[in-house]
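Here's the structure, in structure tokens; my notes come after.
Proteins come first, then strands; the chains are lettered A, B, ... in the order of their sequence lines, and each starts at number 1.
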Number of protein chains: 2
Amino acid sequence: MPRSETGSRDVTVGIKEVAQQAGVSPGTVSNVLNRPERVAPETRARVQRVIKELGFVRNGSASSLRAGHGRIVGLMLLDLGNPFFAEVARGVEDLMSERDYGVILCGSASQAGREARNMRMLAEQQVRGVLVTPVSDSRGTPALLRERGIPTVLLDHPATRGDQCSVTVDDVTGGWLAVNHLLERGARDIVFLGGPLTIRQNADRRKGALRALREAGAGTLREVIVDEMNSRAGHEAAERLLAELPDAVFCANDLLAMGVLRVFLQQGVRVPGRVLVVGYDDIEYAVASAVPLTSVRQPPYKLGRIAAKLLLDECDNPGEHAHQQIMFQPELIIRESTSR
Amino acid sequence: MPRSETGSRDVTVGIKEVAQQAGVSPGTVSNVLNRPERVAPETRARVQRVIKELGFVRNGSASSLRAGHGRIVGLMLLDLGNPFFAEVARGVEDLMSERDYGVILCGSASQAGREARNMRMLAEQQVRGVLVTPVSDSRGTPALLRERGIPTVLLDHPATRGDQCSVTVDDVTGGWLAVNHLLERGARDIVFLGGPLTIRQNADRRKGALRALREAGAGTLREVIVDEMNSRAGHEAAERLLAELPDAVFCANDLLAMGVLRVFLQQGVRVPGRVLVVGYDDIEYAVASAVPLTSVRQPPYKLGRIAAKLLLDECDNPGEHAHQQIMFQPELIIRESTSR
DNA sequence: GAGATCTATTGACACGTTTCAATCGGACCG
DNA sequence: CGGTCCGATTGAAACGTGTCAATAGATCTC
């Protein structure tokens, strides 16, 4: 076993050892770590050198116990398996990493129970703030944290009142874009395939779809609601659709669409020849799928990154921080699955 | 604003308030939380009722300061954007959530610098243990944590010495399966497209490929090494390949393969007619791609879940825990991209 | 040159929990 | 009935850091 160059560095080296070695008081070491500008340059340099020599690592538990919060934020998403949310997570993680924050990642799997459990866990961890895509409503579990004074930013969910930040994409418009496009392509019997309408994203996309139909004064919307929003669910739903094929299917996300696509192609249902298919999210794989998928594009990485920025702004300037509700506009990416 | 049923519950309710309200000492409350079996059933029930009434949430910072560690583990992966690792993360997260642990997720983006920074952050957070897919070598940064007595399990990377657990998939065999299959299909001029060989997964898959060639006594391996392992990199590599098309391309992951596939199809290079393509990981989208992709399947969710289990076992029974090196065997999934 | 002002540093206390030796009360044994 | 043992509970110390009022030293002002 290699011996450390500093001799027998034992179990823990704390702020006190550093202070002693550098010939200053513990308070000064703490200042070097937290408010370096208040320490004379030479002292600062000396302390930092000792820190490096001794391999000192600050005890985050003690720090956040005393300070009331640490350099950790919580990130709670609906579904870690969905590339859309994976990209959101990447955006958050990148920014937090730059600012030297850690991220506790939780998946709620769209279940209120898991959401509540994880929120409680985050509260226990004294996280500095939380980014959350709520399962149903921002007045539910997320409110629990806000009561405790933990800043919260809603991700992909609008803030109903102006007392918190949110970053969203306009899902009503997204639904409208998709169905309007299908109508233009001549589809009339349209299926909306989505998850539970208690999840806002689904409800809004459906609302946009209905609006498009109303404005056009044509077409009908059949609704197929599934429990989960992965390709397996799309698979199963598509099998039920085979009995009575629609002109088009508008899927509330790309995973569903890819499941649908697969069944249709296997069963010899031509896409786009017989049925048009539109997805949502425009995940990286939509373009590469068997029939390149028309999809409503959202900017997930940017979503995560901006939400993270808002959260840290609220944490760092609690006084002057002005809550913002940011809404991006989605974009329809037209590919082969809806070509004439 | 709704008033709490317990009156004006202020900022923080600590273990002391609970103790007072329940007519016991703080020590007993702590025992209810940590060793309930040592507390008389009636006392326990009373304390738990008060905890619920007061909405008490344990302060994890104080807890882990005193106890030396908290209920958090670190998870460090190469690339959060890769569905393979996303599935690994899901496996870890699910198990940890069941055992009431939190997970701090970090991505190293295959950069040693980011790995080191994040490892330091995890050490600061006093994590209970760490699951890590090291960028290059387990003797690098991960060793830093082990010196501090933090249990570490290697994910998708074998433990060289028997002093820690690891969970891996046999990548040499995986490479062999892929290339052997290509040889059987008649390919001779084969390209290996992968990331830096300093990353073990790439090195092993290449080694397996070479072994297959040697055993067959036929065929040659051209190597194309790219910096990142996403579909963009595959895209760029494929464009360079157009100048001198091989018989087959063995890609070190599916993202690369999908990038390659896209360029080939756009440029009119028939797959599998002119070039065979094999991927690696068998991500969910491989089956749905334009030409369904032959790929080497790994069990990512199981990988994550088992690694998590091993880590907690080491944490909970530090004495009797026996380090294990678990290796799964990969499986070749044959699809259209290599059909005759 | 004496007081005022300012900067750099100090030192002790507090954060909320866990832990452990000490204590208490009751049951059991001879 | 006295002594012993055992389980349940207690109370205070300690974990390592951040904070802040106090201090020391240096510079400036009149």
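At a threshold of 4.0 angstrom between heavy atoms, the contacts of A:Val29 with the nucleic acid are absent. Counting non-hydrogen atoms under 4.0 angstrom, A:Thr43 reaches the backbone sugars and phosphates but no base. If you check every strand for non-hydrogen atoms under 4.0 Å, B:Gly14 touches sugar and phosphate atoms only.
Nucleotide C:dT17 holds its P atom 13 Å from the CD atom of A:Gln125, rounded to whole Å. If you measure from atom CG of B:Asn31 to atom P of C:dT18, you get 9 Å, rounded to the nearest angstrom. For A:His69 and D:dT17, the NE2 to P distance is 17 Å, given to the nearest whole Å. Rounded to an integer number of Å, the gap from A:Arg35 CZ to D:dT17 P is 15 Å. Between A:Glu17 atom CD and D:dC15 atom C1' there is a gap of 13 Å when expressed in whole angstrom units. One can place CD of B:Glu124 at 13 Å from C1' of D:dG16, the figure rounded to the nearest angstrom. Computed from coordinates, the B:Arg71 CZ to C:dT17 C1' distance equals 15 Å when rounded to whole Å. Summarising the geometry, the separation between CD on A:Gln20 and P on D:dG16 is reported as 15 Å, rounded to the nearest angstrom.
Across C:dT10, C:dC15, D:dT9, the shortest atom-to-atom separation from the side chain of A:Leu65 is found for C:dC15. Of all nucleotides listed (C:dT9, D:dT9, D:dT17), D:dT17 comes nearest to the side chain of A:Ile15. Between C:dA8, C:dT18, C:dT19, one nucleotide has an atom nearer to the side chain of B:Leu33 than all others, and that is C:dT18.
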One pair to check against side chain to side chain contact (heavy atoms under 4.5 Å, CB included): A:Leu310 and A:Ile326. What are the steps and the verdict?
CA-CA 10 Å; A:Leu310 286 177; A:Ile326 295 178; 4.0 Å; yes

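Contact annotation: B:Asn59 side-chain N/O to C:dT17 OP1/OP2 distance is not under 4.0 Å. Remark: B:Arg66 is not in phosphate contact with C:dC15, judged by side-chain N or O atoms under 4.0 Å from OP1 or OP2. Side-chain nitrogen and oxygen atoms of A:Thr28 include none within less than 4.0 Å of the OP1 or OP2 phosphate oxygen of C:dT9. Distances shown here put every side-chain N or O of A:Ser63 at or beyond 4.0 Å from the OP1 or OP2 atom of D:dT17.
One N or O on the side chain of A:Arg128 and one on the backbone of A:Cys315 form a donor-acceptor pair closer than 3.5 Å. A donor-acceptor pair under 3.5 Å is formed between the side chain of A:Gln201 and the backbone N or O of A:Asp156.
Atom CD of A:Glu98 has more than 12 neighbouring heavy atoms from other residues, nucleotides or ligands inside a 6.0 Å radius.
Between B:Pro158 and B:Gln325 the shortest side-chain heavy-atom distance does not fall below 4.5 Å.
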